[in-house]
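I have a structure here, written as structure tokens, and I will follow up with some questions on it.
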There are 2 protein chains.
Amino acid sequence: MTTARRSDATRAAILEAARERFASDGYDRATIRAIARDAGIDPSMVMRYYGNKEGLFAAASEIEIGLPELGSLPAQHIGAVLVTHFLERWERDDVLTGLLRVGVTNTAGAERMQAIFAQQLGPVTRGVCPDPADAPRRAALVASQILGMALTRYVLRIPPAVEMSPEEIVAWLGPTVQRYLTAEAP
Amino acid sequence: MTTARRSDATRAAILEAARERFASDGYDRATIRAIARDAGIDPSMVMRYYGNKEGLFAAASEIEIGLPELGSLPAQHIGAVLVTHFLERWERDDVLTGLLRVGVTNTAGAERMQAIFAQQLGPVTRGVCPDPADAPRRAALVASQILGMALTRYVLRIPPAVEMSPEEIVAWLGPTVQRYLTAEAP
DNA sequence: TACAGTTGCCAACAAGCGTTGACCAACACT
DNA sequence: AGTGTTGGTCAACGCTTGTTGGCAACTGTA
């Protein structure tokens with residue numbers, strides 16, 4: 001393993017500042033200078049440690065959704081569990097919001113978003129849906145509803161979406177996700 | 001009424017180029033210079049006719065969703081009709097995609113997106129849902145699913161979402177929207 | 001023909017951007 | 001004590017951006 005370096009604190013500070021800036025400003029408006037100012041260091045350090053802006057974004061958007069094991073759960077609750085989990089994940093920090101923001105204008109961001117959902121939501125879907133052949137389609141449907149809620153609630157901030165309680169959202173979206181996963185294809 | 005000017009063609013060309021650029025590149029990357037180049041004129045003309053970049057965006061993002069009259073329709077088909085209509089609207093041109101892209105990174109864009117849905121989706125919702133008091137919430141839920149599909153299909157371009165046929169999407173999303181509009185609150 | 005208004009191009013501006021390389025201070029090791 | 005490595009600052013580069021003002025050409029009117 002790589003031994004701990006003296007600069008690890010700085011590296012972490014840069015990464016944290018970068019996450020916040022990317023999340024609130026998007027890729028273009030999140031300038032290296034602003035990120036460095038937030039982290040309390042010189043812009044050139046960012047370049048030294050992460051190569052260039054793209055490298056910084058790649059490092060800042062590394063993420064684990066950490067979906068729970070669904071195999072052991074009662075099949076009829078999967079929808080609610082999934083929505084609850086994503087909602088919690090989204091409220092905890094704003095990396096996902098940032099990723100969503102960047103994914104919309106930046107090709108690298110969009111690809112990363114695709115990869116995350118393919119690798120982390122895909123397997124779950126494959127395990128629970130009736131016909132494995134249309135698992136990708138079902139995963140995309142689930143993604144459309146979950147990302148759509150994240151979009152209206154955390155990015156566009158449409159007032160009624162912001163005001164809803166997590167429980168309310170789960171109650172509404174849970175059955176939708178459940179249907180996308182387990183209902184027979186129309 | 002304002003009389004026709006000789007520069008109307010140029011104005012229109014600028015607007016069209018702006019719509020395309022905003023749609024494909026987002027607010028920041030859509031530079032006035034690039035828009036002017038597409039329109040075949042000098043960047044300074046853009047400033048003369050639209051004041052500044054914000055003014056140009058405001059003019060380029062003026063939009064009518066043109067929802068159909070739903071009052072006369074059988075209540076149980078509203079969901080499918082709505083999804084069909086939005087899908088068609090989204091496929092027809094890319095102004096909405098552009099608006100979505102800009103709304104994610106730009107405050108003015110987000111506000112415009114909010115306004116569009118409040119003014120054009122709100123009334124429809126109010127007419128069909130059981131209790132007018134939670135009409136805004138229901139509208140937000142509908143928006144979350146429709147915008148989510150637009151996001152995954154037209155912006156992030158998640159492959160399975162792109163490959164689905166319009167009929168398939170309507171078949172999956174229609175019941176969801178229907179439930180958000182007319183089912184009793186959970 | 002003279003003149004005012006419109007349409008357009010050109011050149012430049014100040015500011016901000018990502019990025020680079022020279023340089024200094026603190027540390028680690030022998 | 002001396003030397004190479006690491007962590008960090010500073011000043012500058014080349015470039016692009018939104019924006020401005022001056023100037024030429026055209027159009028319509030009297």
Side-chain angles (χ1 to χ4, degrees), chain A residues 1-61 98 101-102 105-109 112, chain B residues 1-61 98 101-102 105-109 112:
Chain A
M1 69 168 256
T2 56
T3 162
R5 275 168 303 193
R6 217 161 12 111
S7 60
D8 283 349
T10 305
R11 290 181 133 90
I14 293 175
L15 226 48
E16 194 195 326
R19 289 212 177 93
E20 277 177 28
R21 280 285 172 181
F22 281 132
S24 63
D25 298 350
Y27 189 83
D28 292 300
R29 294 173 119 89
T31 68
I32 290 196
R33 286 170 147 93
I35 292 170
R37 201 179 323 122
D38 290 355
I41 46 96
D42 192 88
S44 62
M45 301 300 297
V46 178
M47 309 301 296
R48 179 126 77 198
Y49 291 144
Y50 296 99
N52 54 23
K53 193 175 179 179
E54 274 193 38
L56 174 62
F57 171 70
S61 63
R101 254 206 182 92
V102 175
T105 45
N106 185 271
T107 310
R112 175 147 296 222
Chain B
M1 71 170 256
T2 56
T3 162
R5 276 166 301 194
R6 212 160 16 109
S7 61
D8 283 348
T10 305
R11 291 181 132 90
I14 292 175
L15 225 48
E16 194 195 328
R19 288 212 177 92
E20 277 176 29
R21 281 285 172 181
F22 280 132
S24 65
D25 297 350
Y27 189 83
D28 292 301
R29 294 173 119 90
T31 69
I32 289 195
R33 284 170 150 93
I35 292 169
R37 201 180 323 120
D38 290 355
I41 47 95
D42 191 87
S44 61
M45 302 301 297
V46 178
M47 308 301 296
R48 196 165 6 231
Y49 291 144
Y50 296 99
N52 54 24
K53 193 176 180 180
E54 274 193 38
L56 174 62
F57 171 71
S61 63
R101 253 203 184 96
V102 175
T105 45
N106 185 272
T107 310
R112 176 148 297 222

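No experiment lies behind these values; they were computed from the predicted model shown. Order of the sequence lines fixes the chain letters, A, B, ..., with proteins taken first and strands second; residue numbering starts at 1 for each chain.
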Query raised in the report: Given atom CG of A:Asp42 and atom P of D:dA11, what is their separation to the nearest angstrom?
Result: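 It works out to 10 Å between those atoms.
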Query raised in the report: Does B:Phe57 offer a backbone N or O that forms a donor-acceptor pair with the side chain of B:Tyr50 under 3.5 Å?
Result: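 Between the backbone of B:Phe57 and the side chain of B:Tyr50 there is no qualifying donor-acceptor contact (under 3.5 Å).
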Report task. Rounded off to whole Å, could you give me the CZ-to-P distance for the B:Arg21 and D:dG18 pair? Result ->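 B:Arg21 atom CZ is separated from D:dG18 atom P by 12 Å.
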Query raised in the report: What is the distance from CD1 of B:Ile35 to P of D:dT16, rounded to the nearest Å?
Result: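 Interatomic distance, CD1 of B:Ile35 to P of D:dT16: 17 Å.
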Report task. Say whether, by atom type as modelled, one donor and one acceptor occur between the side chain of A:Arg101 and the main chain of A:Gly26 under 3.5 angstrom. Result ->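 No; zero donor-acceptor contacts below 3.5 Å.
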Query raised in the report: What is the distance from CE of B:Met45 to P of C:dT7, rounded to the nearest Å?
Result: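 Atom-to-atom, B:Met45 to C:dT7, this comes out as 8 Å.
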Query raised in the report: If you check every side-chain atom of A:Arg6, which of D:dG7, D:dT27, D:dC10 has the closest atom?
Result: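 The nucleotide sitting nearest to the side chain is D:dG7.
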Requested in this report: Any chance you could measure B:Thr105, atom OG1, to A:Asn106, atom CG, to the nearest 0.5 Å?
Outcome: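 Separation between the atoms: 11.5 Å.
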Query raised in the report: In whole angstroms, how far is the P atom of D:dT6 from the CZ atom of A:Arg11?
Result: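 After rounding, the gap between these two atoms is 11 Å.
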Query raised in the report: Got a donor-acceptor contact below 3.5 angstrom from the A:Asp42 side chain to the A:Met45 backbone?
Result: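 No, the answer is negative, given that no donor and acceptor are paired below the 3.5 Å cut-off.
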Query raised in the report: Counting only side-chain N and O atoms of A:Ser7, is one of them less than 4.0 Å from OP1 or OP2 of D:dT6?
Result: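 Answer is no, no contact under 4.0 Å.
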Query raised in the report: Do the side chain of A:Arg21 and the main chain of A:Thr31 share a donor and acceptor less than 3.5 angstrom apart?
Result: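 Not at all, since once roles are kept as given, no pair shorter than 3.5 Å links the two residues.
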Query - Exam field: side chain B:Asp38 to backbone B:Ile35, donor-acceptor pair closer than 3.5 Å - result: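 The answer is no, because no donor-acceptor pair under 3.5 Å joins these two groups.
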Taking N or O atoms only and anything under 3.5 Å, show me the protein contacts with nucleotides 16-19 of chain C, one pair per line.
unit_1: C:dG18; atom_1: OP1; unit_2: A:Ile32; atom_2: N; d: 3.3
unit_1: C:dG18; atom_1: OP1; unit_2: A:Lys53; atom_2: NZ; d: 3.1
unit_1: C:dG18; atom_1: OP2; unit_2: A:Ile32; atom_2: N; d: 3.1
unit_1: C:dG18; atom_1: N7; unit_2: A:Arg33; atom_2: NH1; d: 2.4
unit_1: C:dG18; atom_1: O6; unit_2: A:Arg33; atom_2: NH1; d: 3.4
unit_1: C:dG18; atom_1: O6; unit_2: A:Arg33; atom_2: NH2; d: 3.1
unit_1: C:dT19; atom_1: OP2; unit_2: A:Lys53; atom_2: N; d: 3.0

Requested in this report: Check the distance between D:dT9's P and A:Arg48's CZ and give it to me in whole angstrom.
Outcome: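 Between P of D:dT9 and CZ of A:Arg48: 10 Å.
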